Undergrad: 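Following this message is one structure expressed as structure tokens.
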Amino acid sequence: MVIDDACTEQPAGAPGPAPDGPARDEAGGQAIRVRGLRKCYGRVEAVRGLDLTVRRGEIAALLGPNGAGKTTTVEILEGHRSRTSGDVQVLGADPRRPTREWRARIGLVLQSTQMPAELTVGELVARFAAFYPSPRDVDETIELVGLTAKRRARAGRLSGGQQRRLDVALALVGDPELVFLDEPTTGFDPQARRQAWSMIDTLRTLSKTVLLTTHYLDEAEALADRIAVVVDGRIAAEGTPATLGGRDSAPCEVRFCRPERLDPAVLDLVAASAEGSLTVVGGVVTLRTADPAGVLGPLLDWARAHGTELPGLEVRRPSLEDVYLAITGGLGARRSARRLEDSR
Amino acid sequence: MSAVRVLRREVGCASRVMLRSPQTLFLVVALPVLYLVIFGAIFSGEEVNDVPGRSWNLSVSVIMTASVVVIGVVSATFQSLTMTLAQDRERGVLKRLRSTPLPSWVFFTAQVLTALLVSVALAVLVTGCGALAFDVALPGRRTPAALVTLIVGALSCSLVALPFSVLVRRSAAALPLAFGVSLGLFFLSGNFFPGKALPDPVASVADIFPVRHFFVAMLTAFDPHTTGAGFEWDNLAVLGGWAVAGALLALRWFRWAPTGDR
Ligand SMILES: Nc1ncnc2c1ncn2[C@@H]1O[C@H](COP(=O)(O)OP(=O)(O)O)[C@@H](O)[C@H]1O
Ligand SMILES: [Mg+2]
């Protein structure tokens with residue numbers, strides 16, 4: 001069976017090819033470079049050939065449903081988990097053998113973590129600051145995450161959202177170049193979520209490289225320069241929030257209520273000239289076309305000439321959600337098919 | 001920041017965690033003192049004449065003071081460290097610390113040093129209670145022996161906790177396992193039966209583990225009839241052996257990540 005072959009562990013310390021040495025990484029401006037990453041838990045292959053590049057100064061998001069392999073991937077990059085195979089370079093080094101210098105350049109928020117309940121926010125941030133060669137100012141970092149009022153509160157007394165903010169403070173206090181945030185806002189109420197977003201957004205002004213994971217579409221859209229959709233241990237699609245899944249070039253829908261005077265023949269003509277498809281249901285005209293301007297031009301000309309309007313006119317591109325659902329839906333179906341295959 | 005300063009700060013954090021946790025305070029401070037008060041009150045003024053290896057009578061208060069110093073130290077080291085390390089590992093604290101440039105030797109040294117400091121404070125408290133409430137004589141010229149025994153015993157029980165914490169797979173199992181194992185060793189080592197000779201099979205099982213050696217050495221340091229400096233080198237050697245074994249096992253097996261992480 002193919003899966004079993006893929007799950008044979010590479011001998012530890014096997015000198016994997018490292019085409020990008022540290023120097024090339026600096027030059028290429030790549031903070032993270034992953035090629036053909038695989039990870040098996042027993043017979044379950046959680047990551048199955050994942051490729052990813054994150055440039056310096058970029059905020060990238062791994063977006064995907066639960067169980068897609070996001071945490072596994074991120075923790076391999078952080079040096080916390082072993083991998084079955086693949087090349088991984090993080091800040092020019094293989095995270096399989098992390099050094100203290102390398103760790104000093106990385107900050108992270110784990111998916112699930114707690115701090116000793118007995119220590120206060122101030123004590124914990126100062127404690128972590130002491131680990132790093134050139135830390136940020138402790139008070140300033142606490143201020144950055146909005147916990148100044150809670151400086152003397154014990155970690156065990158913080159709300160879930162406040163604990164997460166403490167985690168972020170601990171990730172930043174070492175002034176790292178690269179920050180990993182694994183589901184930084186899961187379980188937040190909407191307001192806490194917005195606050196966390198604006199905080200993560202300030203990382204941009206600090207010119208950090210950030211790799212975050214989330215299963216919230218709006219979060220990826222709000223924060224990330226680039227989104228990689230992970231489904232089933234692979235990157236299913238990649239792009240900016242505007243271009244993901246070919247969203248920018250996908251057909252648009254032009255919709256309006258048909259004015260009585262508009263002759264169906266005119267509509268047919270317009271649709272044909274823009275290579276669109278036409279449906280009219282209950283007086284609502286829907287034109288799907290890759291060339292919305294080619295449709296709108298003649299229609300608006302017609303309306304002006306007849307001294308009328310196109311009531312309820314809207315032009316709609318597929319939303320990020322449409323694209324995301326199409327990507328994950330398709331692969332989800334494929335996954336069920338594979339499960340069936342595996343279980344035989 | 002220099003390693004020594006980080007170490008100092010880590011000791012500060014670890015001792016604050018210990019002193020602010022009601023659970024630890026109860027197990028490490030309240031319970032041993034309670035043992036001393038209860039046993040001391042029950043056997044107040046009594047003497048026993050069949051203490052193993054001794055031809056003279058020994059006051060039960062002296063035996064119980066030495067015994068409770070040992071109980072307190074085992075609680076402050078073995079029990080407390082096992083619980084902290086196992087719980088912190090399962091809660092992801094250790095994994096998070098592992099992601100920082102904090103050298104692991106600084107982390108371990110701080111944990112062990114904190115346990116030693118608390119042990120010394122506790123020994124002083126228990127000895128003081130024994131002296132004030134039951135007229136137990138201070139070790140006097142055997143103080144160096146008492147201190148060395150205290151440090152070697154505390155070190156040994158601390159280092160054994162490092163690999164032992166790995167055997168605790170769940171947070172909730174940490175307290176019962178750490179407490180249960182030490183309670184079992186206290187019974188096995190005669191800590192609760194002042195002056196009674198243990199049946200041979202029990203004694204030979206108890207002699208495998210550190211607690212009985214610790215107790216025997218501590219009793220010699222507290223016994224006013226002891227001639228000489230009061231060092232029980234044989235028992236101290238066994239404690240040292242356990243310390244080395246604990247450190248070596250920890251180097252090989254210590255886990256930072258929660259059980260289930262791979
Ligand atoms: N430690 C583990 N042992 C066994 N299976 C695991 C482990 N961690 C994750 N998995 C499995 O790997 C898959 C991916 O999990 P994960 O990386 O946590 O996904 P995500 O973070 O995207 O939700 C899931 O099917 C999960 O059950
Ligand atoms: Mg996850």
Side-chain angles (χ1 to χ4, degrees), chain A residues 9 39-42 44 46 71-72 74-84 95 98-120 123-124 126-135 154-156 163 166-167 170-171 173-174 176 179-180 182, chain B residues 1-26 28 80-81 83-107 109-111 114 118 171-172 174 255-262:
Chain A
E9 193 88 20
K39 170 69 180 183
C40 302
Y41 295 109
V44 179
T71 295
T72 301
V74 165
E75 293 208 347
I76 289 171
L77 301 188
E78 293 165 351
H80 280 307
R81 295 194 195 207
S82 65
R83 59 186 192 255
T84 307
T99 62
R100 291 189 53 214
E101 290 69 27
W102 182 81
R103 283 187 174 132
R105 296 165 67 195
I106 289 172
L108 53 89
V109 171
L110 296 168
Q111 177 169 340
S112 53
T113 185
Q114 279 172 33
M115 281 296 124
E118 294 83 8
L119 295 179
T120 66
E123 286 165 349
L124 278 166
R127 179 188 185 190
F128 272 64
F131 300 159
Y132 291 87
S134 48
R154 296 198 186 173
Q163 283 187 12
L166 172 60
D167 291 338
L170 298 179
V173 75
V179 184
F180 293 101
D182 197 358
Chain B
M1 210 182 264
S2 77
V4 175
R5 282 178 64 192
V6 180
L7 183 64
R8 256 210 330 254
R9 190 183 275 279
E10 282 298 283
V11 170
C13 285
S15 45
R16 264 171 282 188
V17 168
M18 210 162 169
L19 297 177
R20 286 176 189 170
S21 146
Q23 175 186 291
T24 319
L25 280 184
F26 177 75
V28 171
S80 175
L81 275 179
M83 287 191 296
T84 309
L85 292 175
Q87 285 166 354
D88 279 1
R89 184 194 64 227
E90 292 309 308
R91 289 188 301 182
V93 176
L94 297 191
K95 183 173 175 178
R96 183 63 189 84
L97 287 174
R98 193 69 178 145
S99 326
T100 71
L102 173 68
S104 47
W105 73 264
V106 173
F107 173 76
T109 308
Q111 294 291 324
T114 306
V118 175
S171 234
R255 270 187 68 94
W256 298 83
T259 308
D261 254 28
R262 278 183 293 168

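In what follows, every heavy atom counts, from backbone to side chain, and hydrogens, waters and symmetry copies are set aside. Everything numeric in this text was worked out from a predicted model, so none of it was measured. Here is how names work: the chains are called A, B, and so on, in the same order as the sequence lines, proteins then strands, and each is numbered from 1.
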Undergrad: At what distance, to the nearest 0.5 angstrom, does CZ of B/Arg9 lie from CD of A/Glu123?
TA: 9.5 Å
Undergrad: Taking every heavy-atom pair that is under 4.5 Å apart, which of B/Thr84, B/Asp261, B/Asp88 has the most such pairs with chain A?
TA: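 Of the options given, most contacts go to B/Asp261.
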Undergrad: Among the options B/Gln87, B/Arg98, B/Met18, pick out the one with the most heavy-atom pairs lying under 4.5 Å from chain A.
TA: B/Arg98
Undergrad: Hey, what do you get for OG (B/Ser99) to CZ (A/Phe128), rounding to the nearest 0.5 Å?
TA: 8.0 Å
Undergrad: Could you point out which residue of A/Val109, A/Leu110, A/Asp167 forms a side-chain contact (heavy atoms from CB on, under 4.5 Å) with B/Arg96?
TA: A/Leu110
Undergrad: Checking side chain to side chain donor-acceptor pair (under 3.5 Å) against B/Lys95, which of A/Glu78, A/Glu75, A/His80 comes through?
TA: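 The option that passes is A/Glu75.
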Undergrad: If every non-hydrogen atom of B/Val93 is compared with every non-hydrogen atom of A/Pro116, which pair is closest and at what distance?
TA: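 The answer is CG1-CD, 3.9 Å.
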Undergrad: For B/Ser21, give me all partners under side chain to side chain donor-acceptor pair (under 3.5 Å), at least two apart in sequence or on another chain.
TA: B/Thr24
Undergrad: Flag the pair B/Leu102 / A/Arg103 as yes when at least one side-chain heavy-atom distance between them is below 4.5 Å, and no otherwise.
TA: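 Sidechains of A/Arg103 and B/Leu102: no contact.
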Undergrad: Rounded to the nearest 0.5 Å, how far does CD of B/Glu10 lie from CZ of A/Arg127?
TA: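 Taking CZ in A/Arg127 and CD in B/Glu10, the distance rounds to 4.0 Å.
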Undergrad: Let me know if A/Leu124 has heavy atoms under 4.5 Å from chain B in its side chain, its backbone, both or neither.
TA: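 For A/Leu124, neither part sits under 4.5 Å from chain B.
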Undergrad: Is there a side-chain contact between A/Leu119 and B/Arg16 in this structure, where contact means two heavy atoms from C-beta onward sitting under 4.5 Å apart?
TA: yes
Undergrad: Atom CZ of A/Arg100 and atom OG1 of B/Thr100: how far apart are they, to the nearest 0.5 Å?
TA: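 So the CZ of A/Arg100 and the OG1 of B/Thr100 are separated by 8.5 Å.
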Undergrad: Is A/Thr120 close to chain B through its backbone or its side chain, or both, or neither, when contacts mean heavy atoms under 4.5 Å?
TA: both
Undergrad: When only pairs under 4.5 Å are counted, which of B/Cys13, B/Gly92, B/Pro258 shares the most heavy-atom pairs with chain A?
TA: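 Option with the top pair count is B/Cys13.
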Undergrad: Could you note down all residue pairs passing salt bridge (Lys or Arg N to Asp or Glu O under 4.0 Å) where residues 107-119 of chain A supplies at least one of them, sequence neighbours left out?
TA: none
Undergrad: Specify which of A/Ala117, A/Ala126, A/Gly79, A/Ser112 makes the most heavy-atom pairs with chain B at under 4.5 Å.
TA: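 Ranked by contacts with chain B, first place is A/Ala126.
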